[in-house]
Q: 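The structure is given below, and queries will be raised subsequently.
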Amino acid sequence: MLDIKLIRENPQGVQELLNRRTPLTETGGYDLQPLLELDRQQRELEQARSQLQARSNEIGAMIGQKIKGGSKPDAPEILALKEEGNEIKTKLSELEPGEKELIARREELLLALPNLPAGDTPIGRNETENVERRRWGDEYLPPNSDKILPHWEIGEKLGIINVEKAVKVAQARFVALMGAGAALERALISFMLDRQIAAGYLEVMPPVLINSTSLRGTGQLPKFAEESFKCGEDDLWLAPTAEVPVTNLYRDEILAAEDLPIYHCAYTPCFRREAGSYGKDTRGLIRLHQFNKVELVKFVTPETSAAEHEALVGNAEAILQALQLPYRVLELCTGDLGFGAQKCYDLEVWLPSSGKYREISSCSNFGDFQARRANIRFKEKGKKGTQFVHTLNGSGLAVGRTMAAILENYQQPDGTVRVPEVLQPYLGRSVL
RNA sequence: GGAGAGGUGGCCGAGUGGUUGAAGGCGCAGCACUGGAAAUGCUGUUUGGGGGUAACUUCAACGAGGGUUCGAAUCCCUCCCUCUCCGCCA
């Protein structure tokens with residue numbers, strides 16, 4: 001959520017940054033004018049209301065004092081005050097619903113606004129204008145990539161990925177991992193967690209059924225309801241990413257400045273409806289309704305968040321490097337930036353069967369956008385008031401896509417797959 | 001699912017209609033005492049909105065939302081959550 005004060009004080013500046021995401025036109029974009037108008041009306045009403053309220057409080061105190069001083073409750077001067085109190089109450093009851101309505105509508109508009117891109121986020125219209133920052137691991141690109149099978153075919157041949165059975169059990173876009181496939185998934189999860197724990201992250205295992213307040217806190221609601229699975233009987237949703245439960249661990253808390261930064265890593269299954277992506281990536285492990293992910297989440301002070309962001313990307317990259325998987329780092333342009341992000345790097349791993357880099361991690365700095373929604377603050381000793389923390393998160397990494405990358409990049413001519421060296425202790429074997 | 005108890009400030013915990021934003025304690029900060037510290041004493045210590053350059057001022061908040069009243073943490077209604085016991089269960 002954006003700061004209404006910032007919008008009020010610098011509407012042109014905010015509008016300009018929002019236009020970098022989607023230009024404001026007659027047909028689209030983000031128009032601040034209705035919000036500013038609501039805000040103006042609301043403050044006007046608030047002033048009128050609180051003046052009346054002040055007088056009402058005064059009357060209450062006066063009556064109290066008189067009665068304490070020995071006046072009878074039905075003395076004329078008290079009856080006169082009560083009369084005035086009643087008049088004020090009538091006026092207040094006329095003002096209050098209007099103000100509440102204005103506040104609710106302002107909140108609604110505010111919740112629908114995305115975060116402002118950071119000043120140095122490259123400007124662009126869509127994913128074609130993302131900027132490649134670096135590549136890593138060219139020396140590990142597999143030779144004769146034209147002979148490499150897509151991971152789902154290899155998985156099927158090895159008997160470690162079974163789609164048919166999963167579709168029977170659930171529906172399309174689910175897979176069942178069998179034998180070494182399940183073991184590899186588990187090994188990857190353990191490996192990733194161990195590395196991130198060693199890098200200073202505290203492991204958590206949060207609920208993956210989460211309430212709507214939590215989803216609103218991180219920005220998935222109200223705008224992206226159709227992307228998550230909802231449990232109809234309860235106010236519970238299946239977590240689309242561990243970002244939601246882990247960030248919300250600290251919702252409505254005031255942290256001590258010396259507790260920051262807080263680093264968490266979490267393995268969770270993730271559930272996404274993938275609405276609107278019906279034709280895409282219909283095969284394999286790339287786009288599923290259920291997948292595993294190790295997530296990194298940071299809570300930091302505003303001054304450190306940019307540096308913490310770079311470090312977090314480095315923590316995600318370290319996994320790809322340890323697995324010797326070639327990848328590149330993209331910085332998302334303003335037109336492709338996620339709703340809550342002010343700056344975002346995507347890591348894309350090389351998938352030789354399709355000759356493409358595919359997203360395997362997305363590392364975002366949310367600034368205080370989520371903290372404002374989820375009310376996560378910190379207090380510095382000796383300083384008055386509180387500040388919002390900055391939240392950051394990134395995948396470290398998406399496990400299924402990592403498995404896909406391994407199956408393809410580590411394929412051998414005889415149809416077997418080498419196990420990356422760092423995983424061998426976890427799996428107890430060197431070939432699949 | 002059945003029965004009961006309860007939700008107050010960073011924490012514990014008083015408070016059943018009238019300066020109660022809230023006693024007391026703990027914690028924390030400052031000052032005093034000390035060679036230094038401990039102990040002790042004194043003082044201070046919630047958050048959010050509005051107005052104001054500021055000093056300051058005003059409103060709101062005792063789980064949430066309604067209601068009664070001139071006035072509600074205190075009374076009434078609805079909802080949510082937590083805890084205990086029983087049942088069920090990995």
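Because only heavy atoms are used, hydrogens play no part in the values below, and waters and symmetry mates are left out as well, while side chains stay in. Proteins come first, then strands; the chains are lettered A, B, ... in the order of their sequence lines, and each starts at number 1. Since the structure is predicted, the reported quantities are computational estimates derived from the model, not experimental observations.
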Q: Suppose you measure atom P in B/U47 against the same atom in B/G52; what distance do you get, rounded to whole Å?
A: 23 Å
Q: Between the side chains of A/Arg272 and A/Ser228, is a donor N or O closer than 3.5 angstrom to an acceptor N or O?
A: no
Q: Using a heavy-atom cut-off of 4.0 Å across all strands, would you classify A/Leu81 as base, sugar-phosphate, or nothing?
A: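 Since no nucleic acid heavy atom lies under 4.0 Å of A/Leu81, the category is nothing.
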Q: Grab the CD-P distance between A/Gln65 and B/G17 for me, whole Å please.
A: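 Going from A/Gln65 (CD) to B/G17 (P), I get 19 Å.
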Q: Tell me the partner of B/C31, counting only Watson-Crick (N1-N3 plus N6-O4 or O6-N4) or G-U wobble (N1-O2 and O6-N3) with both under 3.5 Å; none if nothing fits.
A: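 Answer to the pairing question: B/G41, which forms a Watson-Crick or G-U pair with B/C31.
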Q: In Watson-Crick or G-U wobble terms, both distances under 3.5 Å, what is the partner of B/A5?
A: B/U82
Q: B/A60 and B/G65: how far apart are their C1' atoms, nearest whole angstrom?
A: 16 Å
Q: So does A/Arg55 pair up with A/Glu84, basic N to acidic O under 4.0 Å?
A: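 Salt bridge flag = yes for A/Glu84 with A/Arg55.
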Q: Using Watson-Crick or G-U wobble geometry with both distances under 3.5 Å, which nucleotide pairs with B/U74?
A: none
Q: For A/Asp252 and A/Asn375, test the side chains for any donor-to-acceptor distance below 3.5 angstrom and give the result as yes or no.
A: yes
Q: Work out how far the C1' atom of B/G87 is from that of B/U16, and round it to whole angstrom.
A: 37 Å
Q: Walk along nucleotides 43-48 of chain B from 5' to 3' and tag each nucleotide B, S or - by protein heavy-atom contact under 4.0 Å, base first, then sugar-phosphate.
A: ----SS
Q: Does A/Lys89 make a side-chain N or O approach to OP1 or OP2 of B/G71 shorter than 4.0 Å?
A: yes
Q: At under 4.0 Å, does any side-chain N or O of A/Asn86 touch on OP1 or OP2 of B/U69?
A: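 Negative; the distance criterion is not met.
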Q: When you match A/Gln51 and A/Lys68 each to their closest nucleotide on RNA chain B, which lands nearer the 5' end?
A: A/Lys68
Q: I need the full list of ring-ring contact (aromatic ring centres under 6.0 Å, His included) pairs touching residues 192-217 of chain A, with sequence neighbours left out, sorted by first then second residue.
A: A/Tyr201-A/Tyr263
Q: With a cut-off of less than 4.0 Å, is there a side-chain N or O of A/Gln53 near OP1 or OP2 of B/A60?
A: yes
Q: Please report, rounded to the nearest Å, how far the C1' atom of B/C70 is from the CD1 atom of A/Ile63.
A: 4 Å
Q: Would you kindly say whether A/Asn292 and A/Glu185 are connected by a side-chain donor-acceptor distance under 3.5 Å?
A: yes
Q: Looking only at side-chain N and O atoms, does A/Arg49 come under 4.0 Å of OP1 or OP2 in B/C59?
A: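 So the side chain of A/Arg49 is outside the cut-off, no N or O lying under 4.0 Å from OP1 or OP2 of B/C59.
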Q: Excluding sequence neighbours, so at least two apart, what forms side chain to side chain contact (heavy atoms under 4.5 Å, CB included) with A/Arg195?
A: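 Scan of A/Arg195 (side chain to side chain contact (heavy atoms under 4.5 Å, CB included), adjacent residues dropped) gives A/Phe191, A/Ile319, A/Ala322, A/Val422.
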Q: Using a heavy-atom cut-off of under 4.0 Å over every strand shown, decide if A/Ala61 touches base, sugar-phosphate, or nothing.
A: nothing
Q: Taking atom P in both B/G30 and B/U68, compute the distance separating them and give it to the nearest angstrom.
A: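 Each nucleotide's P atom is 50 Å from the other's.
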Q: Should the ring pair A/Phe339 and A/Phe224 be called parallel, tilted or perpendicular, given that the plane angle runs from 0 to 90° and is split at 30 and 60?
A: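 A/Phe339 vs A/Phe224 ring planes: perpendicular.
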Q: Using the C1' atom as the point on both nucleotides, what is the distance between B/A23 and B/C62, in whole Å?
A: 14 Å
Q: Between B/G71 and B/A3, how far apart are the C1' atoms? Round to whole Å, please.
A: 38 Å
Q: Could you tell me which nucleotide pairs with B/A55 by Watson-Crick or G-U wobble geometry, both distances under 3.5 Å, or answer none if nothing does?
A: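 Checking every strand shown, B/A55 finds no partner, since no pair has both distances under 3.5 Å.
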Q: The side chain of A/Ile67 lies closest to which of these nucleotides: B/G50, B/U58, B/G18?
A: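 Closest nucleotide to the A/Ile67 side chain: B/G18.
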Q: Do A/Glu37 and A/Gln33 have a side chain donor and acceptor closer than 3.5 Å?
A: no
Q: Can you see if the side chain of A/Asn57 gets near the phosphate of B/G71 - specifically, an N or O under 4.0 Å from OP1 or OP2?
A: no
Q: In whole angstrom, what separates A/Lys100's NZ from B/C59's C1'?
A: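 Going from NZ in A/Lys100 over to C1' in B/C59 covers 14 Å.
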Q: Could you please spell out the steps behind the salt bridge (charged side-chain N to carboxylate O under 4.0 Å, His left out) verdict for A/Arg273 and A/Glu227?
A: CA-CA 5 Å; A/Arg273 299 179 58 85; A/Glu227 270 307 318; over 6 Å; no
Q: Could you work out the separation of B/G25 and B/G41 based on their P atoms and round it to a whole Å?
A: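 My reading of the P atoms in B/G25 and B/G41 gives 10 Å.
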Q: Rounded to whole angstrom, note down the P distance from B/G10 over to B/G51.
A: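 The same atom, P, in both gives a distance of 26 Å.
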Q: Let me know, please, whether A/Ser50 or A/Arg43 comes out on the 5' side of the other along RNA chain B by nearest nucleotide.
A: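 Its nearest nucleotide being more 5', the pick is A/Arg43.
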Q: Paired with B/A60 by Watson-Crick or G-U wobble geometry, both distances under 3.5 Å: which nucleotide is it?
A: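 Paired with B/U47.
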Q: Please report, rounded to the nearest Å, how far the P atom of B/A29 is from the CD atom of A/Glu380.
A: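 About 15 Å, once rounded to whole Å.
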Q: Can you find a side-chain donor-acceptor pair between A/Thr218 and A/Glu243 that sits under 3.5 Å?
A: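 No - no donor-acceptor pair under 3.5 Å links their side chains.
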Q: Measure the distance from CD on A/Glu77 to P on B/C70 and round it to the nearest whole Å.
A: 16 Å
Q: How many Å lie between CD1 on A/Ile103 and C1' on B/G65, as a whole number?
A: 15 Å
Q: Tell me the interatomic distance from A/Leu79, atom CG, to B/U69, atom C1', rounded to whole angstroms.
A: 14 Å
Q: B/G50, OP1 or OP2 - any side-chain N/O from A/Arg8 closer than 4.0 Å?
A: yes
Q: Between A/Glu99 (CD) and B/G50 (C1'), how many Å, whole number?
A: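 It works out to 9 Å between those atoms.
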